[in-house]
Amino acid sequence: SVLRRYPSPALYREMQSLLREGQALSPRVRTDALELVASHAGAGGLHGLEELLDGPPELAQAYLTQLGRFAVRGLEGRVASMLANPDQNVVIASLDYLKVCGSSQCRDAVVTLLTSRDWTLRARAVEVLAALRLAGTLDGVLGRLADSNRHVREAAVDALRSFSDDRVEP
């Protein structure tokens with residue numbers, strides 16, 4: 001749109017204000033404002049907007065996506081708590097963020113998803129654990145080799161390449 005082609009600092013300050021104080025606005029409008037702020041200010045524009053994680057699922061998902069896009073660190077614990085969110089899209093966006101920015105803080109929450117009823121969450125959890133190579137998570141990944149879903153088993157096989165352990169041979 002025109003706003004993307006002709007940005008101004010005043011416009012982006014207004015967009016940040018809408019994000020912070022615009023609870024009455026639709027999630028779509030706030031999501032658009034978030035995308036404008038991120039495209040203009042990058043990671044710096046995303047700091048101080050953590051309350052968006054408590055907003056509508058669409059807005060939380062969009063914020064998580066932008067955090068991961070810019071590898072904004074420091075929210076790993078908060079995002080790990082989002083893995084219990086009832087909205088699957090928020091959980092997937094949280095896993096995507098943790099795959100890029102995760103730490104040992106998120107290990108237990110991600111491991112819990114290895115036994116989720118939803119195979120997509122189990123597969124994503126395996127991918128996150130492989131990306132982070134956290135101590136004590138190999139057994140969970142090995143357990144997914146016998147998963148009832150083919151995609152989860154394939155993710156587990158791919159994940160094993162990431163671990164340095166005597167139980168895993170190249």
Side-chain angles (χ1 to χ4, degrees), residues 1-114 116 118 120-135 137 141 155 158-159 161-163:
S1 81
V2 172
L3 295 177
R4 289 186 199 273
R5 278 187 249 150
Y6 303 106
S8 75
L11 171 70
Y12 290 104
R13 281 192 298 279
E14 186 62 32
M15 293 297 117
Q16 283 181 316
S17 177
L18 282 174
L19 286 168
R20 286 190 186 99
E21 302 160 12
Q23 286 80 10
L25 298 173
S26 76
R28 183 69 211 153
V29 169
R30 292 177 76 196
T31 299
D32 288 346
L34 175 62
E35 289 174 7
L36 282 169
V37 167
S39 67
H40 172 71
L46 299 174
H47 290 289
L49 298 174
E50 291 80 14
E51 70 269 11
L52 298 179
L53 293 172
D54 299 319
E58 308 88 30
L59 189 57
Q61 178 186 356
Y63 185 57
L64 287 162
T65 299
Q66 296 300 330
L67 289 172
R69 177 179 165 209
F70 292 103
V72 176
R73 298 197 179 274
L75 295 171
E76 299 87 11
R78 175 73 169 91
V79 173
S81 72
M82 304 281 301
L83 295 178
N85 193 293
D87 188 287
Q88 182 178 6
N89 293 324
V90 171
V91 174
I92 289 172
S94 299
L95 286 167
D96 290 344
Y97 168 82
L98 292 172
K99 189 174 181 179
V100 175
C101 299
S103 67
S104 59
Q105 283 183 305
C106 66
R107 182 185 68 210
D108 293 342
V110 175
V111 167
T112 299
L113 289 179
L114 292 174
S116 171
D118 186 320
T120 57
L121 296 181
R122 293 193 310 271
R124 291 281 181 111
V126 166
E127 292 170 4
V128 171
L129 293 174
L132 300 179
R133 297 181 209 124
L134 297 173
T137 60
V141 173
D158 289 342
R161 294 183 184 113
S162 300
F163 287 91

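Atom CG of Leu53 sits about 5.0 Å away from atom CZ of Arg78, to the nearest 0.5 Å. The distance from atom CG of Leu49 to atom CD of Gln66, rounded to the nearest 0.5 Å, is 11.0 Å. Put simply, SG on Cys106 and NZ on Lys99 are 13.0 Å apart, with the number rounded to the nearest 0.5 Å. Taken from CZ in Arg124 to CD1 in Ile92, the straight-line distance is 5.0 Å, to the nearest 0.5 Å. Taking CG of Leu19 as the reference point, atom CG of Leu59 lies at 7.0 Å (rounded to 0.5 Å). Note that OH of Tyr97 is 15.5 Å distant from CZ of Arg69, once rounded to the nearest 0.5 Å.
A donor-acceptor pair is defined here as one N or O able to donate and one able to accept, closer than 3.5 Å; no such pair exists between the side chain of Glu35 and the backbone of Ala33. The closest donor-acceptor contact from the side chain of Tyr63 to the backbone of Glu51 lies at 3.5 Å or more, if one exists at all.
No side-chain heavy atom of Leu132 sits less than 4.5 Å from a side-chain heavy atom of Thr137.
Of all heavy-atom pairs spanning Ala130 and Ala159, the tightest one is CB-CB, 3.4 Å. Arg107 and Leu134 make their closest contact through CB-CD1, 3.7 Å (heavy atoms, listed as atom of the first residue, atom of the second, distance). Nearest heavy-atom pair across Gly77 and Gln105 is N-OE1, 3.5 Å. Considering all non-hydrogen atoms of both residues, Leu34 and Leu52 come closest at CD1-CD1, 4.2 Å. Of all heavy-atom pairs spanning Glu58 and Pro27, the tightest one is OE1-CB, 3.2 Å. Contact record, Glu76 with Ser103: CB-OG, 3.8 Å, taken as the closest heavy-atom pair.
The residue from Val100, Asp96, Leu75 that alone fulfils the side chain to side chain contact (heavy atoms under 4.5 Å, CB included) condition with Leu67 is Leu75. If you run side chain to side chain contact (heavy atoms under 4.5 Å, CB included) between Pro57 and each of Asn85, Asn89, Asp87, only Asp87 comes through. Under the side chain to side chain contact (heavy atoms under 4.5 Å, CB included) test applied with Val128, the options Leu83, Val110, Val111 reduce to a single match, Val110.
Donor-acceptor pairing under 3.5 Å is lacking for the side chains of Asp118 and Ser116.
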